[in-house]
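To start, the structure under review is shown below, and the notes come after it.
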2 protein chains.
Amino acid sequence: MPTITEEVRRAPRRDAAANREALLAAASATLNEHPDAGLEAIAAAAGLSRRAVYGHFAGRDELIAALIDSGAVRLNDIAANVDHPDTPTAIALLGARLWHAVEHVQLLAAMAVREPHVDLVAGALAPVRERLAALVERGIADHGIRSDMPAETLARLIERAAIAVLHEASVARLTDAEGHRLVMLSVLGTAGLGWQEAGALIATAPELAFPPAPADPAASEGARA
Amino acid sequence: MPTITEEVRRAPRRDAAANREALLAAASATLNEHPDAGLEAIAAAAGLSRRAVYGHFAGRDELIAALIDSGAVRLNDIAANVDHPDTPTAIALLGARLWHAVEHVQLLAAMAVREPHVDLVAGALAPVRERLAALVERGIADHGIRSDMPAETLARLIERAAIAVLHEASVARLTDAEGHRLVMLSVLGTAGLGWQEAGALIATAPELAFPPAPADPAASEGARA
DNA sequence: GATAACTTGCACACACGTGTGCAAGTTCGT
DNA sequence: ACGAACTTGCACACGTGTGTGCAAGTTATC
């Protein structure tokens with residue numbers, strides 16, 4: 001006997017939850033290609049009718065909101081677990097780790113420019129931005145990175161440098177390894193390092209190697225197969 | 001007696017041309033703030049009614065097309081007249097000169113992402129891009145800039161680095177002088193120069209000083225007041 | 001001041017996206 | 001297999017933007 005007050009309520013069907021996920025996935029995929037695709041297109045990509053969407057979300061805005069902060073949670077989580085005593089390495093590492101979540105970053109980056117969602121994305125991504133800002137300030141203080149412009153400015157330029165690689169990846173069909181390397185080069189260059197300096201850093205620091213080690217502090221020994 | 005075949009055609013009124021210009025200016029201003037503003041808003045900003053727009057342009061698309069390639073002509077012209085034996089200096093100079101046409105760049109940059117106009121902008125801006133690409137290739141060949149990535153990739157990253165400063169200017173309210181300096185730093189950093197190297201270059205090369213000398217080959221002696 | 005050029009304001013028609021209601025399915029869970 | 005959960009397809013209302021036609025106004029130019 002269920003604990004519901006009046007009637008016997010059957011448990012919700014499992015495929016409903018699956019469809020909800022399918023919708024989110026389809027929305028992510030569709031909006032990445034056509035940032036202002038309609039619900040019709042999204043629903044179709046999920047194999048559902050437009051009408052069915054309203055069975056899972058109150059409307060377009062709620063769908064997108066769910067999408068945005070599911071992505072943001074993932075990115076914020078990554079950013080929180082990135083650090084390294086050498087600040088340039090830490091910044092490159094942050095870029096590289098975020099690179100692994102390309103799909104999310106891509107969507108967030110696209111939504112961050114779309115008028116109705118700017119504030120939402122900005123709010124959801126605040127933690128990542130603060131992490132980067134902290135690293136930049138530290139880098140300026142310990143002379144690890146350039147000190148010829150305000151920290152906030154530099155942080156924003158670095159962010160954009162990373163996103164630039166994202167776009168480059170779409171047009172140039174970069175592999176994961178190439179993207180991984182390119183974000184770091186782009187980010188480090190913006191941070192003030194000369195290209196050979198950046199190259200040497202990447203080649204030297206084992207944390208920046210391509211098949212990246214996991215961030216979990218407890219999983220450091222059981223990661224490699 | 002006019003040379004028109006049949007009837008006596010009076011010359012078009014002069015204020016019509018003025019209104020056309022006003023529309024273009026208003027469109028430029030309005031679309032910079034709200035990239036998907038309607039004709040209503042644009043016409044209002046020009047002091048005209050929406051209906052009057054159709055007296056000057058066949059429709060929204062033609063208005064925007066006119067806007068885009070008027071801007072593109074300006075930028076292409078700038079790019080064509082930029083050169084310098086030292087490639088990093090040439091690249092910085094290109095960035096700085098384009099910085100002076102911020103309003104145009106800003107609009108073009110915004111339109112370059114808007115779905116209906118991507119191809120148009122890309123086509124109109126091809127000359128600037130080719131100029132940059134040529135400089136980048138030359139820079140790689142003469143070891144003036146980084147050689148750790150394909151020239152096309154580097155060119156695109158540099159382009160985005162410049163546009164990043166543009167956006168930074170909107171949020172941080174940069175002065176012209178600050179923007180001028182920041183584009184060069186951003187562009188040179190992406191090109192592979194270390195920040196102190198870039199700073200030294202900017203401080204040294206007289207062409208890169210803030211009140212920039214005009215590009216005209218004939219006006220080189222009469223520029224300073 | 002006559003006249004053509006230009007603008008205005010209204011009326012439409014049209015397209016497209018969102019959100020809702022409802023009757024008729026289909027499908028999962030028990 | 002029964003019933004509820006879920007989906008579908010249609011209808012509609014609503015909002016917003018575009019493009020057009022037309023009569024009546026205003027303004028520059030001859």
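Fair warning: this is a prediction, and the values are worked out from it, not measured in the lab. Each chain gets a letter, A, B and so on, in the order its sequence line appears, and its residues count up from 1.
- A heavy atom lying under 4.0 Å from DNA chain C marks the following residues of residues 14-44 of chain B, by number: B:Ala16, B:Asn19.
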**OP:** Start with the C-alpha distance between B:Ile158 and B:Val136, add both sets of side-chain angles, then the distance that settles side-chain contact (heavy atoms from CB on, under 4.5 Å), and finish with yes or no.
**Re:** CA-CA 9 Å; B:Ile158 292 180; B:Val136 166; 4.0 Å; yes
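- In this structure, the side chain to side chain donor-acceptor pair (under 3.5 Å) partners of A:His104, at least two apart in sequence or on a different chain, are A:Arg74.
- Qualifying side chain to side chain donor-acceptor pair (under 3.5 Å) partners for A:Asp61, counting only residues two or more places apart in sequence or in other chains: none.
- Annotation: salt bridge (charged side-chain N to carboxylate O under 4.0 Å, His left out) contacts of A:Arg60 (sequence neighbours excluded): none.
- Evaluation of the salt bridge (charged side-chain N to carboxylate O under 4.0 Å, His left out) rule for B:Arg20 yields no partner, not counting sequence neighbours.
- Put simply, CD1 on A:Ile68 and CE on A:Met111 are 5.5 Å apart, with the number rounded to the nearest 0.5 Å.
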Original post:
If pairs are Watson-Crick or G-U with both distances under 3.5 Å, what is the dot-bracket string of DNA chain C, marking crossing pairs with [ ] and pairs to another strand with |?
Top reply: ||||||.|||.||||||||||||.||||||
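- Looking at residues 48-70 of chain A, you'll see A:Leu48, A:Ser49, A:Arg51, A:Ala52, A:His56 sit with a heavy atom under 4.0 Å from some atom of DNA chain D.
- Straight-line distance from the CZ atom of A:Arg13 to the C1' atom of D:dA5: 5 Å, rounded to whole Å.
- The salt bridge (charged side-chain N to carboxylate O under 4.0 Å, His left out) test applied to B:Asp77 returns no partner, not counting sequence neighbours.
- Distance CG/B:Leu75 to CZ/B:Arg131: 14.5 Å, rounded to 0.5 Å.
- Residue B:Leu94 forms a side chain to side chain contact (heavy atoms under 4.5 Å, CB included) with just one option from B:Leu135, B:Val187, B:Asn81, and that option is B:Leu135.
- By the salt bridge (charged side-chain N to carboxylate O under 4.0 Å, His left out) test, B:Asp15 is found to be paired with B:Arg13, residues two or more places apart in sequence or in another chain being considered.
- Pairs engaging residues 172-181 of chain B under the side-chain hydrogen bond (donor to acceptor under 3.5 Å, both in side chains) rule: B:Thr175-B:Glu178 [sequence neighbours left out].
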Without placing hydrogens or testing angles, list every side-chain donor-acceptor pair under 3.5 Å for residues 23-38 of chain A, not counting sequence neighbours.
unit_1: A:Thr30; atom_1: OG1; unit_2: A:Ala26; atom_2: O; d: 2.7
unit_1: A:Asn32; atom_1: OD1; unit_2: A:Leu107; atom_2: N; d: 3.3
unit_1: A:Asn32; atom_1: ND2; unit_2: A:Ser28; atom_2: O; d: 3.2
unit_1: A:Asp36; atom_1: OD2; unit_2: A:Arg114; atom_2: NH2; d: 3.2

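- Using a 4.0 Å cut-off on heavy atoms, none of the residues of residues 110-121 of chain B approach DNA chain D.
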